[in-house]
Structures are given as structure tokens and as C-alpha cells.
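What you see below is based on every heavy atom in this structure, not just the backbone, and it leaves out hydrogens, waters and symmetry mates. Throughout, a chain's letter reflects where its sequence line sits, starting with A, and its residues are numbered from 1. Please read these numbers as outputs of a predicted model, since none were measured by experiment.
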Amino acid sequence: MFKIATWNVNSIKVRLPHVLDWLKKHKPDVLALQETKMTDELFPKAAIEKSGYHVAYSGQKTYNGVAIISRQPIKDIVTDLPKLDDPQRRLLGATINKARILNVYVPNGESVDSTKYQYKLDWLKKLRDYVKQQLNTYSQCIILGDFNIAPEDRDVYDPAAWEDHVLVSEAERKALREILKLGFCDTFRLFDQTSGGFSWWDYRHFAFRRNLGLRLDLILANKTLADKCKRCTVDKTPRSLERPSDHTPVVAEFE
DNA sequence: ATGGTGGCGCGGCCA
């Protein structure tokens, strides 16, 4: 069995105790983190290695930042998308065993009329091109992370209220579908066709307590791996802890 | 409700 998870931690400094507890409890083979918000020099490498894991990271001060925690060695690390000159640390590609792992923190986009929304769409197009290229080299590929896109209306607590808003708008959903069309499955939907399997809840308005959430955190597996996927679930437990991240882990298991 | 909460870091940006 191979267990892989993704978690937007919204500051590794604040959430390190949650992450270490979660590793101990769930023993994943791989955990991809987003929004670490920390430069590489300050990353808590020793604490994670002490838990029996390897770790790779690409961070920056205050914003963004991604990391991969893995039982097995992390090889062939990539931190930038081709043809995108960008200081924002949003991608960490690595090979673990024979699988290519792409950990992504997709831009939020702010609002559909923002220049940040155009940046988001451009970023997704560049990601798609990169993924297509990676498939020429690797037969096993997983793209996981905070996509900042709810793929369908059933991934939104109130689709009518969110219609045409950033995180659910058609253009960004289409950009995600263009990646899926390369031959990927949204592993959560291999098993669960219901609404309510959310992975993010706003800190405001008691949104978690009221389950006013979105499913933004995805684990995409190419067909070869999707055939071996046995389970994909959202672990809501960390969202109910003291001082939680606004996102909670999503976990997939492969035979 | 042009608000609300949280992280960073100490004013204002970002989500």
C-alpha cells in the first residue's frame, strides 16, 4: 500500500505540531504541504526528519511555499514551471520510487476581474504543458495540492451563491479539465459521488461548524495509478483542532 | 453587511 496526502497548512511555523501529530497518527508515505510561508533556511527540517521522513521544500517569506515529506528518498526535484519566470514558490516536482509527484499551490486568483485571475489561468496553462511533457518520461504521475478550484457544483456548499465567482468560475474549471484530459482522474470522485466532501472552510462566519466549505484540495492520478487507487478521503479532524489551518488533509491510498 | 477571520509582522497584503 502507498498512502499519499495533501494539506494546505497556512504557515508551517504555526502548524508544525499539527503536522507532526498527523504524520505519527496516519503514517503516510508522502505528505505534500502548501502555504508553508517560510524561507528554506528556516524550514523545520530536523523536526520532520526526526519523525522518520525525508523532506524537500521550496519556500518564500510570508506567502506561498510548498514542501514534500516522504518515507522514501526524494529525487529529481523541480521548483519552477518551464516558460514561467515567477518568484512565487508554488510548485514542487519530485520522483519518489518510480512515481512522479507534482505538488501544486495554484494561485487563488482573488476575483474574476483581477489581474491575479489572469495569472491563475496562465499558471494553469503552463502547468498543463509541463504535465504533458512529464508524461513522456514517467508512466506513474500524481498531481496533488491546493488547486484553488472547486471542480463541479457538488464541490460547493451553495453553488448558486458562488456562480461565476473565483474558485468556481467556468474558465478555471475548464483549465482544470484540460489537465484531467491528459489522462488523470480526480481520485476522490472514484469513490464518492456526494456533495459535502469539502476540504476548505473560511475562517469567518463559523463556516466549518456550519459545513460551508469547498473541495479545493485534490489528488489527481494518471490512469495507470488510478486503476490501483483503493480509497480517497478527506480527514476533517485537524480542522477542528485549536488554531487550525483553514484547509484539512485529503488522503489517497494505492495498492 | 464593501463586512467578517487568520498569518505575517507591525501597516497592509493575501487568502
Side-chain angles (χ1 to χ4, degrees), chain A residues 6-22 31-44 47-48 57-67 84 86-92 103-124 127 144-151 155-169 171-173 175-176 198-218 234 236-250:
Chain A
T6 179
W7 191 3
N8 178 324
V9 290
N10 187 19
S11 165
I12 189 61
K13 185 178 177 183
V14 175
R15 238 65 69 187
L16 183 62
H18 289 187
V19 170
L20 295 176
D21 286 349
W22 197 87
L31 173 60
L33 304 179
Q34 304 85 35
E35 281 204 271
T36 54
K37 298 186 173 179
M38 185 174 278
T39 55
D40 292 346
E41 312 84 71
L42 295 173
F43 195 91
I48 289 166
Y57 34 83
S58 177
Q60 67 181 92
K61 193 178 164 76
T62 310
Y63 304 117
N64 309 313
V66 281
L84 188 72
D86 187 2
Q88 300 191 30
R89 303 293 81 197
R90 297 181 175 278
L91 173 76
L92 194 56
N103 175 18
V104 298
Y105 175 48
V106 175
N108 173 284
E110 190 181 33
S111 65
V112 294
D113 55 3
S114 169
T115 55
K116 291 177 195 161
Y117 183 76
Q118 292 307 315
Y119 165 68
K120 180 181 197 174
L121 295 178
D122 182 54
W123 199 94
L124 287 162
L127 175 64
L144 76 171
D146 177 2
F147 282 74
N148 267 315
I149 301 168
D155 300 311
V156 182
Y157 68 89
D158 185 348
W162 279 82
E163 192 177 7
D164 298 330
H165 284 69
V166 76
L167 310 182
V168 310
S169 72
E172 56 196 296
R173 281 178 169 175
L176 173 61
F198 307 135
S199 64
W200 169 85
W201 300 261
D202 200 300
Y203 282 121
R204 296 164 282 188
H205 314 303
F206 304 104
F208 180 63
R209 213 166 69 187
R210 300 160 67 201
N211 199 28
L212 307 181
L214 303 177
R215 191 173 69 92
L216 305 177
D217 301 274
L218 312 178
V234 179
K236 287 190 181 186
T237 313
R239 188 61 177 80
S240 60
L241 299 173
E242 284 286 315
R243 258 192 122 183
S245 169
D246 46 352
H247 295 251
T248 208
V250 177

K.L.:
Can you classify the ring geometry of Y57(A) versus F43(A) as parallel (below 30°), tilted (30 to 60°) or perpendicular (above 60°)?
P.N.:
parallel

K.L.:
Expressed as a whole number of angstroms, how long is the span from N8(A):CG to dC14(B):P?
P.N.:
17 Å

K.L.:
Assign the ring pair H18(A) / W7(A) to parallel, tilted or perpendicular, where the plane angle (0 to 90°) is split at 30° and 60°.
P.N.:
parallel

K.L.:
Looking only at atom C1', what distance separates dG9(B) and dC14(B), rounded to whole Å?
P.N.:
13 Å

K.L.:
If the C1' atom of dT2(B) is compared with that of dC8(B), how far apart are they to the nearest Å?
P.N.:
24 Å

K.L.:
In this structure, how many angstroms lie between the P atom of dT5(B) and the CG atom of D202(A), rounded?
P.N.:
10 Å

K.L.:
Return the nearest nucleotide to the side chain of Y203(A); candidates are dA15(B), dT5(B), dC8(B).
P.N.:
dT5(B)

K.L.:
Is R15(A) close enough to dG6(B) that one of its side-chain N or O atoms is under 4.0 Å from OP1 or OP2 there?
P.N.:
no

K.L.:
Which whole number of Å gives the distance between the P atom of dG3(B) and that of dG12(B)?
P.N.:
15 Å

K.L.:
Measure the distance from CH2 on W200(A) to P on dG6(B) and round it to the nearest whole Å.
P.N.:
13 Å

K.L.:
For Q88(A) and for H205(A), locate the closest nucleotide of DNA chain B by heavy-atom distance; then report the residue assigned to the nucleotide nearer the 5' terminus.
P.N.:
H205(A)

K.L.:
Nearest whole angstrom, please: distance from the P of dG6(B) to the CG of N108(A).
P.N.:
18 Å

K.L.:
From CZ of F206(A) over to C1' of dG4(B), roughly how many Å is that when rounded to an integer?
P.N.:
11 Å

K.L.:
Using a cut-off of less than 4.0 Å, is there contact between a side-chain N or O of K116(A) and OP1 or OP2 of dC14(B)?
P.N.:
yes

K.L.:
Name the nucleic acid region contacted by F208(A), choosing base, sugar-phosphate or nothing; use a 4.0 angstrom heavy-atom cut-off, strictly under.
P.N.:
nothing

K.L.:
What is the separation between atom CG on N10(A) and atom P on dG6(B), rounded to the nearest whole Å?
P.N.:
11 Å

K.L.:
Could you check whether any side-chain heavy atom of T248(A) comes within less than 4.5 Å of a side-chain heavy atom of V234(A), counting everything from C-beta outward?
P.N.:
yes

K.L.:
Atom NE2 of H247(A) and atom C1' of dT5(B): how far apart are they, to the nearest Å?
P.N.:
14 Å

K.L.:
So what does R209(A) touch, heavy atoms closer than 4.0 Å: a base, only the sugar-phosphate, or nothing?
P.N.:
nothing

K.L.:
Report the distance from atom CD of Q34(A) to atom C1' of dA15(B), rounded to the nearest whole Å.
P.N.:
14 Å

K.L.:
Where is the tightest heavy-atom contact between V66(A) and T36(A), given as atom of each residue plus distance?
P.N.:
N-OG1, 3.7 Å

K.L.:
Looking only at the side chains, is there a donor atom on one of R90(A) and N64(A) sitting less than 3.5 Å from an acceptor on the other?
P.N.:
yes

K.L.:
Are K37(A) and dC14(B) close enough that a side-chain N or O sits under 4.0 Å from OP1 or OP2?
P.N.:
no

K.L.:
Should T62(A) be listed as having a side-chain N or O under 4.0 Å from OP1 or OP2 of dG7(B)?
P.N.:
no

